[in-house]
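What follows is a set of notes on a single structure, which appears directly below.
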Amino acid sequence: MMIKRLLGIIPVVFGVLLLTFLLVHLVPGDPVEVMLGESATTADRAQLRSDLGLDQPLTIQFLTYLKHIAHGDMGRSIHTQSDISAMLADRIPQTAKLALLSLAIAIAVALPLGILAALKSNQWQDHLATLSSLTLSAMPHFWLGPLLMLVFALWLGWLPVSGMESNASIILPALTLGFGLAAILTRMTRASLLEVLNEDFVRTARAKGLNEKNVIVRHALRAALLPIITVLGLQLGGLLAGAVITETVFSWDGVGRLLVESIEKRDYPVTQACVLVIALSYVVINLLTDIIYTQLDPRVKYA
Amino acid sequence: MMQFNLKIGRFLRNWPFLTILFWLLVVMTAKLVDLTPNQIALANILHAPDLSGLLGYDDLGRNIFSRVLAGAQVSLIVAFVVTGVTLVSGTALGLLSGYYGGWVDHLLMQVTNVFLAFPGILLAIAFAAVLGPGLNNLVLALSITGWVGYARLTRAQALALRERQHVQAAISLGASTPRIMVTHMLPLLAAPLVVEATYSIAGLVIAEASLSFLGLGIQAPNASWGSMLRDGVRYMLIAPHYVLAVGISLMSLVLAINVLGDRLRDHWDIRREI
């Protein structure tokens, strides 16, 4: 089961590598010309062409690409000439920090809210929770982010506007990403718990005379959380994509901002590397989610 | 009083339809009314809302109300075109894959797995980045990445439908494959596809704005909600009306479409999963 799942990601990883490799070849016209601009000399162009291996046949290029990636070599930035792997090593911890804090915020907001909504279903608490999660899910990061910035940084002056100078700088981008995830998570928790509350084992637990708190926490919630973990894994990937926008809004120096900057400078090797790193992280997160899920759910583990 | 409450109740129930209707009317009439969303007036730079400019003016003194309407037009046109392209291509691929099975199915599943390995809008950003900015490339980037959901959904349903008695009966009566797909399978697939397409229109409105926000979509001087938000953020301290006007417009449209999707889903009793 586990082995099969592990082997299953091989073609996916291969496909991801192939697609990111092909990105540069999708540039209309000559990628070297696009990257260097019209003022570059013929010698510069020839130099870059051979540096990137673009003068080789496509299959050779791809094999070289694979070989370099396997050695952790992502190539060099066209603009700064710096090593892309080193650039990413600086940026990845920043994005990871942001993503983990957002995840914590999302769970802290969504679980209580979703549980409340399910327990008070069709009462005002439920309506309020549903309405707020619906509204939040209609607020993309590039709108929620500026709104939080306007209220908490510009009007109230409680938090830094953007950048990474102080420890408090992470709060607004993390809230932006976290609230977006919380919106989906609240609805999931509510639906999942409502479903479980109708199950036989919950009725049995009540019939045994357990107090309501025990029924909810030890019986219903344990079962309800399982599907939520799967969703959480998928949504964490959404968080990585959302980080591209959020980091740009708040000038947070993570992988997402590096990606956007590289696109603006037409620094395609950096763009390629960022896309690859985000996609591979997502594949790994999904794999881990599956593994955790099988460990937690005895029905899957022993099936 | 009783009647008044009823009216409010009816309005609250119907507001998604009214909101969507409003934005659709905007899109259809925007060409007829002379709005001049790109007209620069230096005297009005970042002027706050008043009676002549309902939503105020932007950093070049352009009327924000006109630009919000022009942005709505771009947004919805992109969303509908991309939904049309991806719905047709995704459904066709999913039907073929689920119906024939075998290596066709295996190949398609591997391809969709690779596409799904890129979270959210990342792949569209990557394609838009290499294709270059502009409306056509924006539609292309969103179409290349958008068909996967429909293909997965259709394929899963087609696998099950294939074994149904009425399809088996049609096969043994010698009906042609296209006929079986179109008249015996497609009608049963329509409801989940319509629900999926509804959500995807909301998703595409956001996606278009995201790409334009990053500078990968609609180019200046043309209005797009994404690029307007990007400009608005710069002047947020002195002219918050700019960001608020665009953000609230976008939110109202997306919220209305999502609620419509929820209602359609509940109406047809569909469990949504990808």
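Every chain is numbered from 1 and lettered A, B, ... according to where its sequence line falls, protein lines coming before strand lines. Just so you know, these numbers come straight off a predicted model, no measurement behind them.
- Chain B forms the most heavy-atom pairs under 4.5 Å with one residue out of A:Arg187, A:Arg266, A:His25, and that residue is A:Arg187.
- Residue with the most contacts toward chain B among A:Ile9, A:Leu18, A:Leu23, A:Val260: A:Leu23 (heavy-atom pairs, distance under 4.5 Å).
- Considering all non-hydrogen atoms of both residues, B:Leu214 and A:Glu264 come closest at O-OE2, 4.3 Å.
- By the 6.0 Å contact criterion, CH2 on A:Trp158 is open, its count of non-hydrogen atoms from other residues, nucleotides or ligands being 12 or less.
- Heavy-atom pairs under 4.5 Å with chain B were tallied for A:Leu280, A:Leu26, A:Val13; the largest tally goes to A:Leu26.
- Neither the backbone nor the side chain of B:Ala256 comes within contact range of chain A, judged by heavy atoms closer than 4.5 Å.
- Counting heavy-atom pairs closer than 4.5 Å to chain B, the top-ranked of the candidates A:Pro146, A:Ser262, A:Gly8, A:Gly256 is A:Pro146.
- In this structure, A:Leu147 CG and B:Met251 CE are separated by 8.0 Å, a value rounded to the nearest 0.5 Å.
- Within the 4.5 Å cutoff, side-chain heavy atoms of A:Trp143 are placed close to those of B:Val243.
- Within the structure, ring-ring contact (aromatic ring centres under 6.0 Å, His included) pairs that include any residue of residues 202-230 of chain B comprise A:Phe142-B:Phe213, B:Trp23-B:Trp225 (at least two apart or interchain).
- Contacts with chain B (heavy atom to heavy atom, under 4.5 Å) involve these residues of residues 129-138 of chain A, listed by number: A:Leu134, A:Thr135, A:Ser137, A:Ala138.
- At least one side-chain heavy atom of B:Phe118 sits less than 4.5 Å from a side-chain heavy atom of A:Thr20.
- The part of B:Leu123 that comes within reach of chain A is its side chain, from C-beta onward, which places non-hydrogen atoms under 4.5 angstrom from that chain.
- At a 4.5 Å heavy-atom cutoff, the contact between B:Asp262 and chain A is made by side-chain atoms alone.
- When the candidates B:Asn258, B:Val259, B:Ile248, B:Val111 are compared by the number of heavy-atom contacts under 4.5 Å with chain A, B:Ile248 comes out ahead.
- Residues B:Ile125 and A:Ile263 meet the side-chain proximity criterion, which asks for heavy atoms closer than 4.5 Å.
- Between chain A and the residues B:Ser210, B:Ala126, B:Pro240, the most heavy-atom pairs under 4.5 angstrom are made by B:Ser210.
- For the pair A:Leu150/B:Leu244, a side-chain contact is recorded, criterion being any heavy-atom separation below 4.5 Å from C-beta on.
- The line from CG of B:Leu237 to CE of A:Met149 is 11.5 Å long, rounded to the nearest 0.5 Å.
- Shown here for A:Ala241 and B:Gly120, the closest heavy-atom pair between the two residues is CB-CA, 4.2 Å.
- Residue contact with chain B, scored on non-hydrogen atoms closer than 4.5 Å, involves the backbone and the side chain of A:Val275 alike.
- Distance check, rounded to the nearest 0.5 Å: CD of B:Gln110 to CZ of A:Phe14 gives 11.5 Å.
- For B:Leu216, the part lying under 4.5 angstrom from a heavy atom of chain A is the side chain only.
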*asked:* side chain to side chain contact (heavy atoms under 4.5 Å, CB included), that's the test. Do B:Val130 and A:Val24 meet it? Break it down for me.
replied: CA-CA 7 Å; B:Val130 292; A:Val24 172; 5.8 Å; no
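- Of the atoms belonging to A:Gln272, not a single heavy atom falls under 4.5 Å from chain B.
- Contact annotation for B:Leu229: only side-chain heavy atoms (C-beta onward) come within less than 4.5 Å of a heavy atom of chain A.
- Here the CG-CG distance, from B:Leu122 to A:Leu276, works out to 10.0 Å after rounding to the nearest 0.5 Å.
- Looking at heavy atoms from C-beta onward, B:Asn113 lies out of side-chain contact with A:Pro11 at the 4.5 angstrom threshold.
- Residue A:His127 places its NE2 atom among more than 12 non-hydrogen atoms of other residues, nucleotides or ligands, all under 6.0 Å distant.
- Residue A:Leu19 touches chain B through its side chain alone, counting heavy-atom pairs closer than 4.5 Å.
- A:Phe62 CZ: more than 12 foreign heavy atoms inside a 6.0 Å radius.
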